[in-house]
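Heads up: the structure comes next, in structure tokens.
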There are 2 protein chains.
Amino acid sequence: MAYSAGVSETQPTPQPGTTTQGRPRRPEPSGQAASATRALRSDAERTVRTILEAAERVLSKNPAATMEQIAEAAGVARTTVHRRFASREALVDAMAAWATRQFAAAVDAASPENTPPLVALYQVTANVLRVKSDWGFAMSRALSADPEVARVHADVEQRCTRLFERARSAGVLRADVDYVWAKRAYYALIHETVRSRDGDPDTLAVRLVDTLLRGLGTGQSLT
Amino acid sequence: MAYSAGVSETQPTPQPGTTTQGRPRRPEPSGQAASATRALRSDAERTVRTILEAAERVLSKNPAATMEQIAEAAGVARTTVHRRFASREALVDAMAAWATRQFAAAVDAASPENTPPLVALYQVTANVLRVKSDWGFAMSRALSADPEVARVHADVEQRCTRLFERARSAGVLRADVDYVWAKRAYYALIHETVRSRDGDPDTLAVRLVDTLLRGLGTGQSLT
DNA sequence: AGAACTGGCAACACCTATGATGCAAGTTCT
DNA sequence: AGAACTTGCATCATAGGTGTTGCCAGTTCT
């Protein structure tokens, strides 16, 4: 952190947040970003996105990667990363926030209440696969401290539950299934599908939903 | 570890690394012979096991935990951990080796060739759940450099494939299933089941296999 | 009992990742 | 064009983790 006992009194508050550097007048809580701060200049904005994307690429391969490696992948100096993100934690939080927004958008774009649940399930699955294959790391860490992120997450979660309920009501899911387990199984299959990128989201979604609903057996000897 | 403190004379420190028993060990980078490892005294042996178990407990919660934390969890001084395991890497390798042996034993104990595949599937699943819930971290890192471990792993892998083949032949699995996907889905469900410990292995195995084979749907509107 | 081994402790050496600055050169915006 | 902003670079400071070593008290084994 910056200890304000700074030698140079030119600036009272060195505010190394995600935003503009040094000078500014706005005493934001350190950490992430936001709306209250002045908008970044276009080139800076571009840099931020580049860093976020590089971080996802690098960290998804090696969660213990250093800031240096991330910077290198982004084609920037390490100091620039630190200028944009106060700390490693702030960077990860920003990634989570960004990914969460993408995630929410993906779900929103695909599950209108009036769509038949089975159709909605395919659509949501395909969309989620798309996002998660690009933002897997960030999404796995989505237990963000940011209340806004938490809210969005809870919202998506609930939407998912709702979808499953509709599926059951419509007779797509068996009446005796345990929601909790159903969702876990669903997530597990999504996770596994993403882990091994082998096909386009739509095809994968079909295979996934098919497995989830029909399983892989013939059903013969199972009571 | 890599910075060769070449100055340090080859001292008869009988600590070539991760020793559990008199297993042949990999050649040390620093050039000194990892020769005839004497069997550990009973108390030392106990310490080694305690450390391995503590490491699993700690690392499964936080893969980035420090040696200090591991030592503390084991009720041992940090230096003792280093005395038993040359480096963090050596510790993890030893964990992987240990877990792999448990794993192999669990599979061996449950899948005789003559058992009906469905029965074998339940048994293997239950046993694997048992082991994996205790050695989840170690098993996830089972890409050990140790050739012996790799061999055991490949063996188990093959055994699993064989089981799936038998299941298909017996009409338990549909004829059109993709083995690769089938195994992935199976692993994914295992992983998810282990992640949320909520029941005894046998019950969980039933639920898991049931989901894998029948899925969660009614099968009505699916082509 | 006595030799050999083991663990705790304290101290040390070393390395790496992190984060902060100041400055000069380049870019964006108005 | 000129102010404001941004980045790279070189530099510094620091913390925390890793791995060693020596010594002593306690344990194990024979």
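Here the structure is a predicted model, which is why all the values come from computation and not from measurement. In what follows, every heavy atom counts, from backbone to side chain, and hydrogens, waters and symmetry copies are set aside. Protein chains get the first letters and strands the later ones, always in sequence-line order, with residue 1 at the start of each.
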Requested in this report: Could you label the plane-to-plane angle of the B:H153 and B:F103 rings as parallel, tilted or perpendicular, counting under 30° as parallel and over 60° as perpendicular?
Outcome: tilted
For the residue pair B:H191 and A:H191, does the interplanar ring angle fall in the parallel (under 30°), tilted (30 to 60°) or perpendicular (over 60°) class? parallel
So, is A:T80 close to the D:dT7 phosphate, meaning a side-chain N or O under 4.0 Å from OP1 or OP2? no
Practice problem: Compare side-chain N and O positions of B:S42 against OP1 and OP2 of D:dC29 and report whether any pair is under 4.0 Å apart. | Solution: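 Answer is yes, contact under 4.0 Å.
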**Asked** Taking only residues two or more places apart in sequence, or in another chain, which ones meet A:R46 in a side chain to side chain donor-acceptor pair (under 3.5 Å)?
**Response**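 In terms of side chain to side chain donor-acceptor pair (under 3.5 Å), with neighbours along the sequence ignored, A:R46 is linked to no residue.
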Checklist entry - With B:R130, which residues qualify under side chain to side chain donor-acceptor pair (under 3.5 Å), at least two apart? => result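 Here the qualifying residues are B:N127.
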If I take atom [atom1] in residue [X] and atom [atom2] in nucleotide [N], what distance separates them, rounded to the nearest angstrom?
{"X": "A:R84", "N": "D:dC5", "atom1": "CZ", "atom2": "P", "result": "11 Å"}
{"X": "A:L40", "N": "C:dT28", "atom1": "CG", "atom2": "C1'", "result": "13 Å"}
{"X": "A:R49", "N": "D:dT6", "atom1": "CZ", "atom2": "C1'", "result": "19 Å"}
{"X": "A:L59", "N": "C:dA17", "atom1": "CG", "atom2": "C1'", "result": "14 Å"}
{"X": "B:F85", "N": "D:dT18", "atom1": "CZ", "atom2": "P", "result": "15 Å"}
{"X": "B:R83", "N": "D:dT18", "atom1": "CZ", "atom2": "C1'", "result": "15 Å"}
{"X": "B:E45", "N": "D:dC29", "atom1": "CD", "atom2": "P", "result": "11 Å"}
{"X": "B:L91", "N": "D:dT18", "atom1": "CG", "atom2": "P", "result": "11 Å"}

Per atom distances to the B:H82 side chain, the nearest of C:dT6, D:dG19, C:dG7 is D:dG19
Expected list for residues 65-79 of chain B near DNA chain D, using heavy atoms below 4.0 Å, is B:T66, B:M67, B:R78, B:T79
TODO: By nearest nucleotide on DNA chain D, pick out whichever of A:R41 and B:R46 is the more 5' one.
DONE: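 Result: A:R41.
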Run the side-chain contact (heavy atoms from CB on, under 4.5 Å) test against A:A74 and tell me which residues pass, sequence neighbours left out.
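A:A74 satisfies side-chain contact (heavy atoms from CB on, under 4.5 Å) with A:T50, A:I51, A:A54, A:V76 once adjacent residues are dropped.
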| message | Suppose we screen for side-chain contact (heavy atoms from CB on, under 4.5 Å). Which residues come up paired with A:R151, at least two apart in sequence or across chains? | response |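 A:R151 satisfies side-chain contact (heavy atoms from CB on, under 4.5 Å) with A:E148 once adjacent residues are dropped.
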Listed pairs under 3.5 Å, donor-acceptor, residues 192-202 of chain A side chains, sequence neighbours left out:
residue, atom, partner, partner atom, Å
A:E192, OE1, A:R195, NE, 3.4
A:E192, OE2, A:R195, NH2, 3.2
A:T193, OG1, A:L189, O, 2.7
A:S196, OG, A:E192, O, 3.3
A:S196, OG, B:R184, NH1, 3.0
A:R197, NH1, A:S133, O, 3.2
A:R197, NH2, A:S133, O, 3.0
A:D198, OD2, B:R184, NH1, 3.1
A:D200, OD1, A:T203, OG1, 2.4
A:D200, OD2, A:D202, N, 3.3

